[in-house]
Protein chains: 2
Amino acid sequence: MIPLDSTDKALLSYLQHNSKQTNKELSNKLNLSVTAVYERIKKLEREGVIQKYIALVEPEKVDLELLVFCQIKLTQHSREYLTKFESEVTQLTEVLECFHVSGEYDYLLKVLVKDMEHFRMFMVSKLTTLQHIGSTQSSFSINKVKNTTVLTLS
Amino acid sequence: MIPLDSTDKALLSYLQHNSKQTNKELSNKLNLSVTAVYERIKKLEREGVIQKYIALVEPEKVDLELLVFCQIKLTQHSREYLTKFESEVTQLTEVLECFHVSGEYDYLLKVLVKDMEHFRMFMVSKLTTLQHIGSTQSSFSINKVKNTTVLTLS
DNA sequence: GTTTAGACAGAAAATATTTCTAAAATAGCT
DNA sequence: AGCTATTTTAGAAATATTTTCTGTCTAAAC
């Protein structure tokens, strides 16, 4: 496990909220020199603590308004069936997340589409055509209460 | 709705995967001048299509190994109870996501913690102490099949 | 046919990143 | 504690990038 001091944690918090801050701005907030900030960031990148830097796109602005959580049961649970299903579901661009989970259902998917009609098409022509699918259960997001990518480091 | 041409969509795709590319690199990929790339990005930022730029932290590298999905029922569904619950759950740093959803349960939470012992403490001393909580049902992530922030624009 | 607005390219200016050198702080060892 | 090796840090200099500016081109409107 990579040891992080409180400066690293503060730095990661800043970068998780806004990665476009300059090293000078960060150096002020952290009371460090620009080079010290630079070296710390490079180290965190090298170690893989910082996975990558990305732009977040606002779903509503690109006409993706309907978020659905789909729970899925497979018909069988052989290794072959699982890997087949997983590789197929990964290909679906509407599926943002897919986790193999414990409990009554095997998988939990987060699906983002334009509207109900697109979700219907997604279900009919994509999800339910996957091999070895048993039953599915969909839950629609009524309201986004919290949605963050920020991991709190303690 | 903001009209996006195919160049905008390609640009957004690049930035959603890696926002640290220089405008020169992007200009090569898009066959544009640096200025054209610059202006397009500024427009997308102005319009709010690009929400923000962030660093993604690898959970395993910071010792957050257990991902749990919690479904929650409230005891009542008055406006007062909902907003109270929502403001309290938003405060919990272990809760990365919380959606008000349709179906048997009212809320779906994505919770990230170090291990089972930390999850137990989260349940006992945080989640189940929230006001108006009825029943909860937890599902543990066995395997991360897919987990992306990239929205596919068509 | 002229005008106007938007997108684009290239150059210049302003900023930021990255490298380099050396000093300070830290950790490990005797 | 005292010494040494290693890491972290700061400041300056070198690179690279972003941002601004100017002018051209194109397409749509009049």
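A note on names: the letters A, B, ... follow the listed sequences, proteins ahead of strands, and every chain is numbered from 1. Worth knowing before you read on, the calculation uses all heavy atoms, side chains too, and leaves out hydrogens, waters and symmetry mates.
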*Within less than 4.0 Å of OP1 or OP2 of dT8(D), is there a side-chain N or O belonging to Lys43(A)?*
yes

*What integer distance in Å separates Glu25(B):CD from dT17(D):C1'?*
11 Å

*Measure the distance from CG on Asp5(A) to P on dT9(D) and round it to the nearest whole Å.*
8 Å

_Expressed as a whole number of angstroms, how long is the span from Ile41(B):CD1 to dT20(D):P?_
14 Å

*N/O (side chain, Lys20(B)) to phosphate O (OP1/OP2, dT17(C)) under 4.0 Å*: no

*Taking only the side-chain nitrogens and oxygens of Arg40(A), find out if one of them lies under 4.0 Å from OP1 or OP2 of dT7(D).*
no

*Does Lys114(A) pair with Glu65(A) as a salt bridge, N-O distance under 4.0 Å?*
no

_Assigning hydrophobic clusters by single linkage (Ile, Leu, Val, Met, Phe, Trp, Tyr; side-chain heavy-atom cutoff under 4.5 Å), is Val68(B) placed with Leu92(B)?_
yes

_dT15(C), OP1 or OP2 - any side-chain N/O from Lys24(A) closer than 4.0 Å?_
no

*Starting from P on dG6(C), measure out to CG on Leu32(B) and report it in whole angstrom.*
18 Å

_With a cut-off of less than 4.0 Å, is there a side-chain N or O of Tyr38(B) near OP1 or OP2 of dT20(D)?_
yes

_Among dC8(C), dT19(C), dT18(D), the nucleotide that comes nearest once only the side chain of Val34(B) is considered_ = dT18(D)

_Nearest-Å distance for atom pair CD/C1', residues Gln21(A) and dT15(C)_ = 16 Å

_Can a side-chain donor-acceptor contact be found between Lys29(B) and Gln21(B) if the only test is distance below 3.5 angstrom?_
yes

_Heavy atoms only, 4.0 Å cut-off, all strands: where does Thr22(A) land among base, sugar-phosphate and nothing?_
sugar-phosphate

*asked:* Rounded to whole Å, how long is the line connecting atom CD1 of Ile2(B) with atom C1' of dG6(C)?
replied: 17 Å

*Under a 4.0 Å N-O cut-off, is there an ion pair linking Glu104(A) with Lys73(A)?*
yes

*Going by an N to O cut-off under 4.0 Å, is there a salt bridge joining Lys52(A) and Glu45(A)?*
no

*Find the distance Asn28(A):CG to dA10(D):P and express it as a whole number of Å.*
12 Å

*If you pin Ala36(B) and Thr35(A) to their nearest nucleotides in DNA chain C, which one's is more 5'?*
Ala36(B)

*Nucleotide dG6(C), atom P - distance to CZ of Arg46(B) in whole Å*: 11 Å

